[in-house]
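Below is one structure, written out as structure tokens, with a few remarks after it.
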Amino acid sequence: MQSMVRVLVVAGLLWGMAGCARGPEATLARAQAFAAEGKPQSAILELKSGLQKAPDDGAMRFMLGRLYRETFNPAAAEPELLRAQKLGINTDGSLALELARVYRAQGEGEKLLAQVAAKDTYPAPIRADILGLRGRVEQAQGQSDAAVATLKLALAADPNSVEAALLGVQIIASKRDFVAALAAIDQQLDKTPENFDAWAYKATLLQAAGRTDDAIAADTKVLKLNPGDFAARLSRAQLLAGQGKLDAAAQDTAQLTQR
């Protein structure tokens, strides 16, 4: 019995020592493994734990910010990304692209245009996506000529850029050609069927085109990707109410009031 107790004590000590010895690189690798397994919350917890011991580790800050953005928490992502930027993590433009996505998700278009540039030194796919995001802000602000010029630059950098494709759809939709815009968004969704922004924009286009049932279906897909999306929840509630489906609308409304 005493020998068994000794084994358990030694094992516990070794486990504790292993935990203490885990450095930033091991923590980052473990977080990356969680993320690869589709467990972003576990990855976030791992990184937060690691940053308590190494608060100035830029790589962990960057990954934490990216995971916050990917799990639809841009407000939490921004300070982590800015901290990583101050720590020197911005070599290939990936961090700039994350910041651009965060600013757009928060409706901070002016900050995106002022603080995130599509540098020529960035790899073409990253440059194209940043240009696409900048162009989407320009189009939303009524700067149509600037948006068209930005789209040309983005497509020249990378014809397969998702952000450039969404900018192209936005430009088409601004001309009230919903048939062409929906065809373009469907073409993109064929390539990236789980793209949240594409589904959110499709839902908006379908509603504008008066296709209520399809708009409800698109809102439902958006909410499957992000159950906390306020705009999709409100849109679906209003559309359901307009169809007289008051019980279903009330369920969405109840979700809104719980926020």
Side-chain angles (χ1 to χ4, degrees), residues 35-36 38 40 62-63 65-74 77-78 81 90 92-109 111-113 116-141 143-144 146-175 177-178 180-206 208 218-219 221-226 229 231-232:
F62 174 46
M63 185 176 182
R66 178 171 58 78
L67 286 170
Y68 275 139
R69 194 269 306 167
E70 290 177 350
T71 53
F72 306 101
N73 190 355
E78 183 179 356
L81 293 171
N90 195 21
D92 68 347
S94 297
L95 190 146
L97 177 55
E98 288 298 326
L99 277 172
R101 287 173 170 154
V102 164
Y103 290 148
R104 187 184 178 281
Q106 295 184 108
E108 297 179 322
K111 188 180 287 188
L112 193 164
L113 294 177
V116 184
K119 296 181 180 179
D120 292 336
T121 54
Y122 292 160
I126 290 176
R127 175 175 161 77
D129 277 349
I130 292 175
L131 284 166
L133 286 161
R134 288 177 60 88
R136 291 172 71 185
V137 172
E138 291 169 341
Q139 182 62 43
Q141 292 180 345
Q143 303 178 47
S144 299
V148 169
T150 300
L151 176 60
K152 291 179 180 178
L153 291 174
L155 291 175
D158 180 11
N160 296 314
S161 165
V162 175
E163 300 298 348
L166 293 177
L167 169 57
V169 174
Q170 194 170 336
I171 290 171
I172 295 170
S174 70
K175 301 173 183 177
D177 189 346
F178 297 126
L182 285 165
I185 203 77
D186 282 340
Q187 186 176 27
Q188 182 56 48
L189 283 169
D190 285 341
K191 301 175 184 177
T192 56
E194 300 300 302
N195 185 282
F196 174 81
D197 280 351
W199 276 109
Y201 199 41
K202 180 175 181 177
T204 300
L205 289 172
L206 287 166
D219 279 331
K221 176 64 176 182
V222 171
L223 290 168
K224 182 179 179 181
L225 294 171
N226 177 19
D229 190 78

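Computed over heavy atoms, backbone and side chain alike; hydrogens, waters and symmetry mates excluded.
- Side-chain contact between Gln139 and Ser174 is present, with at least one heavy-atom pair separated by less than 4.5 Å.
- Side-chain contact check for Asn73 and Thr71: no donor-acceptor pair (N or O, by modelled atom type) lies under 3.5 Å.
- Here the side chains of Asp197 and Arg136 are in contact, with some heavy-atom distance below 4.5 Å.
- Rounded to the nearest 0.5 Å, atoms CD (Glu163) and CD (Gln170) are 10.5 Å apart.
- Checked against side chain to side chain donor-acceptor pair (under 3.5 Å), Gln106 has the following partners two or more places apart in sequence or in another chain: Glu78, Glu108.
- The closest side-chain heavy-atom distance from Val169 to Gln188 is not below 4.5 Å.
- Annotation: side chain to side chain donor-acceptor pair (under 3.5 Å) contacts of Tyr103 (sequence neighbours excluded): Gln115.
- For the atom pair Leu133 CG and Ser161 OG, the distance stands at 8.0 Å (nearest 0.5 Å).
- In this structure, CG in Leu205 is found 10.5 Å from CG in Asp177, a value given to the nearest 0.5 Å.
- Residues Leu97 and Tyr122 have side chains not in contact (no heavy-atom distance under 4.5 Å, counting atoms from C-beta outward).
- A 4.5 Å side-chain heavy-atom check between Asp129 and Arg101 finds at least one atom pair inside the cut-off.
- For the pair Asp219/Leu206, no side-chain contact is recorded, criterion being any heavy-atom separation below 4.5 Å from C-beta on.
- Asn195 CG to Lys202 NZ: the interatomic distance, rounded to the nearest 0.5 Å, is 12.5 Å.
- Within the 4.5 Å cutoff, side-chain heavy atoms of Leu113 are placed close to those of Gln141.
- Atom-to-atom distance recorded for Asp158:CG and Leu155:CG is 8.5 Å, nearest 0.5 angstrom.
- Rounded to the nearest 0.5 Å, atoms OH (Tyr201) and CG (Leu166) are 9.0 Å apart.
- In this structure, Leu99 and Leu95 have side chains that are in contact, with non-hydrogen atoms separated by less than 4.5 Å.
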